[in-house]
Every structure is written in structure tokens, then in C-alpha cells.
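Worksheet: the structure to be examined is printed underneath.
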Amino acid sequence: MSETTKQSASRLAPLFERLKGENRAALIPYITAGDPDARTTVELMHAMVGGGADAIEIGVPFSDPMADGPVIQAAHERALKSGLGLRGVIDLVAEFRQRDAETPVILMGYQNPIEAMGVSAFVDKAASAGVDGVLTVDLPPEEADELVAAMGERGMDPIFLLAPTTSAGRTREVASKGSGFVYYVSLKGVTGAANLDTDALAAQLEDIRGACALPVGVGFGIRDAETAGQVGQVADAVIVGSAIVRLIHEQATAAGGVNAQVLETVRGFLAELRSALETART
Amino acid sequence: MPETNSKATVGATGAPVDYASFPDQRGRFGDYGGRYVAETLMGPIEELTAAYEKYRNDPGFIEEFESDLRDYVGRPTALYHAKRLSEAYGAEIWLKREDLNHTGAHKINNALGQALLAKRMGKTRIIAETGAGQHGVATATVAARLGIECVVYMGADDIQRQAPNVFRMRLLGAKVVPVDSGTRTLKDALNEAMRDWVTNVDDTFYIIGTVAGPHPYPMMVRDFQSVIGREARAQMLEKTGELPDQVVACVGGGSNAIGIFHAFLADESVELHGSEAGGDGVETGRHAAPLTAGRPGVLHGNRTYLMEDDNGQIIGTHSISAGLDYPGVGPEHSWLKDIGRVQYAAITDDEAMAAFHEVMRCEGIIPAIESAHAVAHARLLAEERGGQRILVNLSGRGDKDINTVAKLEGIEL
């Protein structure tokens, strides 16, 4: 790798530093790259930033998304029909970076596409494209040493999950290997699962912060402005996945693709969520 | 569990291998195995590991497992000298009759072991994935006997081709849930069972049917299945006074193969052969032979050989046998391949079907199409070497397959 391809450190730590000053949680939407097609993924990313996204999580399509619920599974299947793979997703991030040098981008996916590409080839290409963090769903810290080391050299953040069943000891291990933020899976189950208990969540976050100094993002079960606002009172970042994927799918199906009106609807939904976060702690 | 007969020996690398010491604490067989699961599953997996460590050497647990294997499953299963088949193949063929087990296959050894563990752990709900339906039937059977709720996930395509087993599971009181995602086969059923487990971890025990999945499953399933090889080894010595020259078993996920191989790993004179599903032939790409034609990757909680494309997407597999139609394989097999202790070969659908008929006509035994792959492999070895003593694991009976066979011959039943 040449010096010129090196990027500066991740955009995530400065983001959370700034938001601490603003006393507000970060809004992090998730979409699956290539759903409904690869051509419009970058436009959707810009629309989400336009609506108030602070960072974007991009799902890498995988044939066996074991930890995802029906909504995101279906998005993976639609994306796979276009033949989009990990290299193609990184190219989309590079395209996004041509018009947006500021917004952090996190890849979220499964380990096998990374292994197939090769860990160091993946990290080089992702860093050069302007990826800030990588969340590998099926790579717990015990198995992640190679990826963590390679990402560290390129200033990218390995992002790990925490769950209600994670012990304090494991939380400390996650805190020592991860950076950027940790992603707290607030519910038992797969992505897109139902109800959220915000009182219980507040207590759980208190426990996590006792063992982990990283910002804590909360995902799973956030579906609208109301739930986003509730979570935004206590979490450092609010991650919204299935609700956005479902919205895009419904709108794009009705419109025969992602057109200007669909982009505006997505932008509007993000603006509602953002507005809920602006007032959540006042 | 009783120790397997795997003392220090010499592997292909020339270094001593203590097979009983694998996997290590992290669930590793060399580079393979491990625990590649979402954080949400780490807690339940740690709970399972602790429970298994507690009970695997517990005399009460071992006694219950062994007495159930004897009185409920019908073990030990026979070791049978297939004389007419031997004559036809030009070798001395011995069949380990796992088809004689209750429910008709080796699957019940493991389903029983895990169900007894679930009971000790206080779990009130059992889930399983199934391909051919044999593991689903075995799980539904032990769940019925223990009075535990049972849900079985099965690919929608497999439900079509294994209708008798679906009905059998329902008669046993299990709920069979069709899986419509992905390739609608075993791998997708496994994904869906994992999703159920992660959602219902408090009361649910997931009985994985093969030697794959995150640690401790590959080790635990191997331990429960290794009774096959312990019996077969003792029976061979008793009946012939010698060990076999070769042991052959079919490999999908690989539980019957690990089960029979394990007792022979330390016997350097014994060649071990695994028969993968060659489908239409490895050269056509339509097969399910990751050890023969795949490469290492990560799926279903472990690192192992997989069938995948250049993007790391798992690709569709093909085999005439639903039980072998899986794009991965147990991690211990990947390791045994790399160190050269076991040789793996792909057996085509046509070769397996020819063996299916030969076993029926020569011996009056209906083999499962899965097991017929191992018989066909033995025939190839016999043709190559001639006259040797070959032990074949007849892992299951083929009553479930007669619709498939009839269809192949254009007959409507």
C-alpha cells in the first residue's frame, strides 16, 4: 500500500466528541447496499444525510444473514440478485465520498465475504475508499484479532456488539478490542424484533458504562420518532435499520424503483427521527 | 462421555497427534472450528459449554445415556458381514448397521444425548434443523418421550422431497416450520433455527444435528456419536480378530463419519475414507462436496471448508440425497483432511444409486441414499485395491427415500 492511499483516522471519535457538546445522540440509519439496486444506494445515502443522519451503516449483502430478521434478510436477497459483493459495496462508499467527505460510514456484515476477499486486502481497500468502521456480526472479539490489528493500522474502528446476555467480563474485552462505539443489541432476537423497554434499557446502559468507556449505540426495536426519542435520552447513538429498510422497500416497490419522491420520503423520515433526538434530552 | 480410543500417534506431518486433545479450549481443530456467532448467542453458548463440561463426565448422566441407548435406541447395533455384496465387489465388506437404530439412523444417538442434557439444564423447549428429516424425526422422538415441546425447521424444498418424514414428525407432536429463505434447504433451516434460539434463549435448547456449528457443538455431537466406532471396532476384533483395512462413511455435515472414525484415528494401519456428495459430478459444479472442491471460510458458527463464490457468498448445492445437501462440513473433518488422516472423495448421484440397488438386491437391506454413497465409495476402493476388508457405516435406512427412487424411475406411487 502506498502512503498516498492512507487516510486519516476514523471520523467516528470526532463525531461523538462533537455530539457530547450538543447533548444529543447520534442518528445512525442502516440500509443494505444494493437494495433495491446498486445504482441508487449512493443516492439513498445522500438523502439520509440530507435528513439528518450523523453516520451511515451499510449492510454488505450475504447469502446467510443468520442474525437478521425477515425484513433485512429479504433486503439481502434482493441485493444479491444484482450480484453485488463486498468489493462492489466498497466501491459504492468511494462513490459516496466524492460528494461527502464528512459523514462516517460503517460497513455491517458477516465474516465470510471478508475472508473470501482476504482480511488485509479488504482493510486496504475499505480504508482507501473512506470506510470508518466495520461491524462484523458473526465475529466476536475472541475470533477478531487479525481483523482488529489490520484495521488498527489503517485507523479504522472495529465495532463490536453487546447483548443483554453479555457478562461484565466480556463487556470489558469488547471495550478493549473495539473502538469508535459499541453497538448494544437491546433485545434478545434478530434484527427487526418487537418491543422495547426503555426503563430497563437505561439500567442496562448504566451497567455497560461501568465496564466500557466507548460511546454506546443502541439498535434493534427502534421503529419511529417516538422510540428513537426514548432511546436517544439514554444512548449515545440510535441505530435504525429494519424500519428504514421496510420503508424503502415499500416505497420503491410502489414507485417502480427509487425515484426523487422515494428519496424525499426517506429524507423526511430521517428528519423526523433527527428532530426527536434534538429534543430528547431537554 | 467415555474417552475415545485416540492415543498419541503419528500424523501425516510426522508430528505426534493426540486426537483426544482436540478441540482446544477455543473449540479449535487446527485452523478450523471456533465460535463465529453474534454476541447475542455467546451467553447461551457459554451456558451450554459449562453444562456439557459438567455432565460429560458425570456418572449419573453417562449411565442414563447408555441405558437409553441400550433399551430405547436398541444399541449395540449389529456388525454384519455382507457376503453377497463382498462377492460382487471383490472385497470383504462389513456393514455397521446404524439403520437398525430406533427411528432408522444414527441421528438418534446425538438427539438423545442432547435432549438428556436439555432436561438437566431445565430447558422446556427443543428446536432443531433438519435436511432429510432424519435428525428432525430423531429429535421429535426424544422430545415426545421426555414430554418437551419441539419445533423443527426444515427447508421448503426438503419438505417437498421428504414428505413421509414431515408427517412422522407431526405425528410425534412436533411443529414443522417450513423455511422459505435462501436456497430453501438445510443451510437455511439452520439459519432459521439459530434465529429462533437467539430469540428464545431462556427456555430453549437447540439440538444441532451434525458435527458443525459453534463450539461446543462439533465436540459434543462427536462425543455422542462416537459410540458407533467404539462398538464397530470391538465387533470387528471379536468377529475377525483384526482391524479393518479401511473404514468408509458418507459426509454431509459429517456426524456419522466422525462417529465411526473416531475410535480408529489412532490405528495407523486403518485407512479412513469420507464420501462426499458428488451430485452430477464435481466438474459440473452441481454437487455438495466442499472438502473435495471448496475452500475454507466461515459459516454457521465455525471455520471450515465451504462451497462459496468469489464474493464469499455460499452457493447452492446439489445432491440426490437431502441429508448430504449442505455447503459446509464439520470443522474436525476439515482438519482431518488437512493433516491427511482421512481421505475424502466425491461420489456421484449415479454411483450412489447403483450402490443403493446393489445393497437391496444382494443383501435385502434398504440403505438410505446418504449411506449408499459410502457403499459406492467402498466399491471404488475395492476395484482399486481388491480383496481388502472394508468397514462401511450404513448410517441409515432408505424407507424414507423410496418416493425419490420411484420418481427417478418414472413410477408414481
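Lettering follows sequence order; numbering is per chain, from 1.
- Contact detail for A:Ala116 and B:Asn311: the closest heavy-atom pair is CB-C, 4.2 Å.
- The greatest number of non-hydrogen atom pairs below 4.5 Å with chain A, out of B:Val298, B:Asp310, B:Leu299, is found for B:Val298.
- With a 4.5 Å cut-off on non-hydrogen atoms, B:Leu190 does not touch chain A at all.
- Between B:Asn191 atom CG and A:Ser63 atom OG the span is 8.5 Å, to the nearest 0.5 Å.
- To the nearest 0.5 Å, atoms OH (B:Tyr36) and CE (A:Met66) are separated by 13.0 Å.
- A:Asp64 places a side-chain heavy atom less than 4.5 Å from the side chain of B:Lys187.
- With a 4.5 Å cut-off on side-chain heavy atoms, B:Glu39 and A:Pro141 count as touching.
- Of all residues spanning residues 282-291 of chain B, none has a heavy atom less than 4.5 Å away from chain A's heavy atoms.
- Contact of A:Glu77 with chain B is made through the side chain alone, with heavy-atom distances under 4.5 Å.
- Only the backbone of A:Leu162 comes within contact range of chain B, judged by heavy atoms closer than 4.5 Å.
- Residues passing the side chain to side chain contact (heavy atoms under 4.5 Å, CB included) test with B:Ile148, sequence neighbours excluded: B:Ile126, B:Leu146.
- Listed by chain and residue number, B:Arg56 satisfy the salt bridge (charged side-chain N to carboxylate O under 4.0 Å, His left out) test with B:Glu53 (two or more places apart in sequence, or in another chain).
- Proximity of A:Thr166 to B:Met42: side-chain heavy atoms (C-beta onward) are nowhere separated by under 4.5 Å.
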Next item on the list: Evaluate the criterion side chain to side chain contact (heavy atoms under 4.5 Å, CB included) for residue pair B:Arg303 and A:Glu143; output intermediate values, then yes/no.
Entry: CA-CA 10 Å; B:Arg303 170 178 277 112; A:Glu143 307 286 0; 5.7 Å; no
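- The two residues B:Gly297 and A:Glu115 make their nearest non-hydrogen contact at CA-OE1, 4.4 Å.
- Neither the backbone nor the side chain of B:Pro214 comes within less than 4.5 Å of any heavy atom of chain A.
- Here A:Arg170 is the residue among A:Gln111, A:His76, A:Arg170, A:Met117 with the most heavy-atom pairs under 4.5 Å with chain B.
- Residue B:Glu47 does not touch chain A at all, counting heavy-atom pairs closer than 4.5 Å.
- Below 4.5 Å, heavy atoms of chain A meet heavy atoms from B:Ile314, all part of residues 314-325 of chain B.
- Between atom NE2 of residue B:His215 and atom CD of residue A:Glu142 there is a gap of 11.5 Å, rounded to the nearest 0.5 Å.
- In terms of heavy-atom pairs under 4.5 angstrom with chain A, the leader among B:Leu41, B:Asp309, B:Thr183, B:Val37 is B:Val37.
- Contact of B:Gln313 with chain A is made through backbone and side chain together, with heavy-atom distances under 4.5 Å.
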